[in-house]
Every structure is written in structure tokens, then in C-alpha cells.
Asker: 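Just passing along the structure, written as C-alpha cells.
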2 protein chains.
Amino acid sequence: MTPSSRGPSNDLRRAGLTRDRVLGAAVQLADEEGLDGLSMRKLAKRLGVEAMSLYNHIPGGKERLLDGMVDFVFDEIDVPAQDGAWKQELRDRAVSTRAALRRHPWAVGLMEARPNPGGSNRRLHESALACLRNAGFSVEEAIRAYSVQDAYIYGYALQERTLPLDTGDAWRGVAKTQLGDADRELDAYPSTTQVLRHIAVHGFSHDEQFLVGLELILDGLEQRLHGSKKA
Amino acid sequence: MTPSSRGPSNDLRRAGLTRDRVLGAAVQLADEEGLDGLSMRKLAKRLGVEAMSLYNHIPGGKERLLDGMVDFVFDEIDVPAQDGAWKQELRDRAVSTRAALRRHPWAVGLMEARPNPGGSNRRLHESALACLRNAGFSVEEAIRAYSVQDAYIYGYALQERTLPLDTGDAWRGVAKTQLGDADRELDAYPSTTQVLRHIAVHGFSHDEQFLVGLELILDGLEQRLHGSKKA
DNA sequence: ACCTGAACACCGTTCAAGT
DNA sequence: ACCTGAACACCGTTCAAGT
């Protein structure tokens, strides 16, 4: 009568532990509790199993688990098309990358630091480079464009991780609190105070800030592209 | 006859444990073994003491120790002057920041993530903002300029941490090794292969790459500055 | 005031033993 | 083939006890 009794073999149980299931649970645990909260023992408990049995599915231990988790995040990033609209494609990739890193803040410091890049990482890398090459960037300029844009995206994600606030109200509140705390120090840091006052009134938007900076970089790359074509 | 016997009081010993000495030893340990290698127990051993006695000098435990270490790194970054040469001042600050992060790679992910910023951090922040304001940037544009440039600097440091190679020879070697490893995959990743071939021949320079990207951003900020002045 | 030993509640990982 | 208990070598931190 139970559904499982009708399965093809009755030893599948409710377990069916898989590399993918372990990876998914690990990402979820890190999303909820951060990288410090991710331990082999806690992860095992979530999967209804003892810590030692994880090593049957993740051969390299925790280090390889992290490799897999990082590639899991890379897989969530949209791969750019390789036709001529390079600026739009790169902008989309940047927005998509930032969104993935907001969902998985623990990944920011790991994405570019893994010695063994996974398949999703390599495919994304390849597509972005191809997109730039097809648009007319030389190999050298494609490397440069990729480097500058990636530095900006990951650096911005690093900043945003500290204060991932969405609404103008939240920002106004933070600025007012800091102005209240500082009080006696306002004279020593006049420009900082000015900035806090500005945010306390006008708020702040990560969405807008990120996009404006991104546009500045894309425009700079476009100028380099046209400059090199003329030369 | 021994030097110490002539000291003002003989109970100073060789210990004289201080917050500053603990901080210095912690930075050195992290430089040598990375953040994972920094434990209260190992740090204590270096200072000739048991782990528990560190808590007498670093009240908040390891978390506050990290706060202190981060501000130790901020203190090594040159503070920009506040006169009109904003472009040169910001360039110098960027170069100085990257150099500090190369000396202390463990700090990259921590610099902007501490909830309680230290004095050196706040002074640097204030000076950079003041430099921008004095150059004619509005409050809003100063925030933007600071954000874009910092994202680039820290993001670049994040990339560089993975492969902190200095010489063209080292880069050529890495590229050749990767081309050898990949072999069967070269067809699947043609643009990546092209990039590796380019580096295998021409090498690569972090110094140059960082500066070119930095200039692209500074030029973009300059255009925004002039645009807003006219408007 | 500063240092310490013992203890607590955790880690990642190995390995022999189970089924 | 997969899971586990016990064990090892580590963590950060508290606390009562020493001097």
C-alpha cells in the first residue's frame, strides 16, 4: 500500500544519497548559516546520516565539497550568447552573476579561488571570451575586458555582502543610527558625516549603484575597442 | 652582567605581552600559513605562552583579533592628500592598497566585511572622500567614485590571490602546463585555448593589467566629473 | 594583574568493523 | 556498496585556581 513498496526495488529506501543531493544540501546549509556554519557533521545530520558516510559520495572530503558547491553557483549564472551584441551580453552576465552571489554570499570569496575549476565555470569563461572575440576584441584586449569586469563584479559583491540592504528605508535607518553613534566624532570625519547625512535623506540603492559602475566600465571597454580598431 | 638585569625592574622578563605584540604576531602567522593556519593555540605558542592568556590582551577573542589585524593592514595603506590632484591621489591609494593586499592575502575577504571598522580604516575612508569632494565631485558622485574604485581594487586582489605570479616566465610556464593538461578539451574551449596560447607566448603582468584597468575607471570618473560640472 | 590546567563543546578525517 | 562507532588530532572559549 505504501508508495515505496511499489518501486522497482525495495532497497532504495528514503535515503538514496547522491553526490548531487549532498551538494544541494550543502549549498542550502551555507545559504542559511554561512560558511562557518557548514560542517560535515551538521550536513550529515540534515541528510539523516552520520558524517563519515559523506565521504562515500564526496571523495576528496570538504575541499572537494567546496569545489562542487562553487560550480553549483556557477551553474546558476546565465551564459552569454556569442553573437555580436557584446555589451548587452556582458551586462546580462554581470547582473546574473551579482544575483547569484546575493543568493549565495558565502561563495563570493571562493568563486575565483578554486584551483580545480568545474565545468560550469569553464563553459561560462569560454562563452564570455568568445563573445568578446567575436565582437572584435583582440586576444589581449579580451583578457583585459574580462579581467576588469570580473574584478568589478566580485569586488562589488564583496562590498554588498557586508550590508545587503534592499530598500531606501533600511539605508536611511542605518545612516541615522551611525550618525547617532558617532556624535562626538563628526568633526573628525566631516566628509564621512556628509555622506551619512546624504544617505539618511536620500537612501541608497545597490541595484542602481552596481549598474552605473558597470556602465562606466562597459563604456570604457567600448572606447578601447573603437580605439584599437582605428589604430 | 646580562642586559636584562640592568632593566628598570627585573619582572619585565622577556614576555611583556601587549595587544600590539599579539596583533603583530597574528599578522605574521597569517602571512605565513593563511587564515586557516591562524589558531589561538598556535599564536600563543609563538609568543611563548598558553592560548588562554591571549584573552587577557584581546578582550573579544578571535573575532576582535581579526578586527585588529584588518586595521593593522589598513594602517599600511597610504592616505591620500586632500588637495586638488584627485586622479593621482586615487591612483596612489589604489596601488598602495593592492600592494598591502599582496603582502597580506588573507585580508582580502575581510577588509570591507568587519562590522566594527578601526581607526585606520575610517581615516583612509575620510581622506579619500574629502579628496573627491575637494576635486568637485558631488556627495552622490563621490560615493559612486569610491564604490566603483574600491570594488575594482578588492575584486582585482581577489583574482590575483589565486595566481600571484610576478614574472612573465612563471606565467608562460603555467599556460603551457594547462595547455598540456587540457589536450582533448582544446576543441571544446577554443577561445580559452587561444588565451592560454597567447599567455604561453607573451606572458602576463599583474602590474600592467591592474594599472590599465585602474586607468579605465579613473578616466570614466573624470568624464562623469566634467559632465556634471557642465550640467 | 597576568598566567594556566582542566574541561566543554565542537571540528575534519581515518579505519576497522558491520550489513 | 554503503554505513557507522570509536578514535585521533585538532579547534575556540570558560572558569576556577594559582602567583
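Note that the structure is predicted; figures quoted are calculated from it, not measured. Lettering follows sequence order; numbering is per chain, from 1.
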Asker: Return whichever of A/Lys42 or A/Met52 has its heavy-atom-nearest nucleotide of DNA chain C closer to the 5' end.
Answerer: A/Lys42

Asker: Closest to the B/Glu50 side chain: C/dG12, C/dG5, D/dC3?
Answerer: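 Per side-chain heavy atoms of B/Glu50, the pick is C/dG5.
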
Asker: Across the strands shown, which category fits B/Met40 at heavy-atom distances under 4.0 angstrom: base, sugar-phosphate, nothing?
Answerer: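 Here B/Met40 touches the backbone only, sparing every base.
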
Asker: Nearest-Å distance, OH (A/Tyr55) to P (D/dG5)?
Answerer: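 So the OH-P distance, A/Tyr55 to D/dG5, works out to 16 Å.
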
Asker: Respond yes when some side-chain nitrogen or oxygen of B/Ser39 is under 4.0 Å from OP1 or OP2 of D/dC11, and no when none is.
Answerer: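 Looking at the OP1 and OP2 atoms of D/dC11, one of them is under 4.0 Å from a side-chain N or O of B/Ser39.
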
Asker: Give one of base, sugar-phosphate or nothing for A/Leu43, where a contact means two heavy atoms less than 4.0 Å apart.
Answerer: nothing

Asker: Rounding to an integer number of Å, can you tell me how far A/Asn56 CG sits from C/dT19 P?
Answerer: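 After rounding, the gap between these two atoms is 17 Å.
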
Asker: Let's see if you can work this out: which of C/dC11, D/dT13, D/dG5 has an atom nearest to the side-chain heavy atoms of A/Arg41?
Answerer: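 Looking only at heavy atoms from C-beta outward on A/Arg41, the closest nucleotide is C/dC11.
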
Asker: Where each residue is assigned the nucleotide of DNA chain D containing its nearest heavy atom, which of B/Glu63 and A/Leu54 is assigned the position nearer the 5′ end?
Answerer: A/Leu54

Asker: For atom CZ of A/Arg46, decide whether the heavy atoms of other residues, nucleotides or ligands shown that lie under 6.0 angstrom number more than 12.
Answerer: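 Enclosed.
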
Asker: For B/Glu76 and B/His104, test the side chains for any donor-to-acceptor distance below 3.5 angstrom and give the result as yes or no.
Answerer: yes

Asker: Hunt down the Watson-Crick or G-U wobble partner of D/dA17, both distances under 3.5 Å, from any strand shown, or write none.
Answerer: none

Asker: Given C/dC3, is OP1 or OP2 found less than 4.0 Å from the side-chain N or O atoms of B/His57?
Answerer: yes

Asker: Is the closest side-chain donor-acceptor distance between A/His125 and B/Tyr189 under 3.5 Å?
Answerer: no

Asker: Taking any heavy-atom pair under 4.0 Å as a contact, classify B/Ile58: base, sugar-phosphate, or nothing.
Answerer: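 Answer is nothing: B/Ile58 stays at 4.0 Å or more from every strand.
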
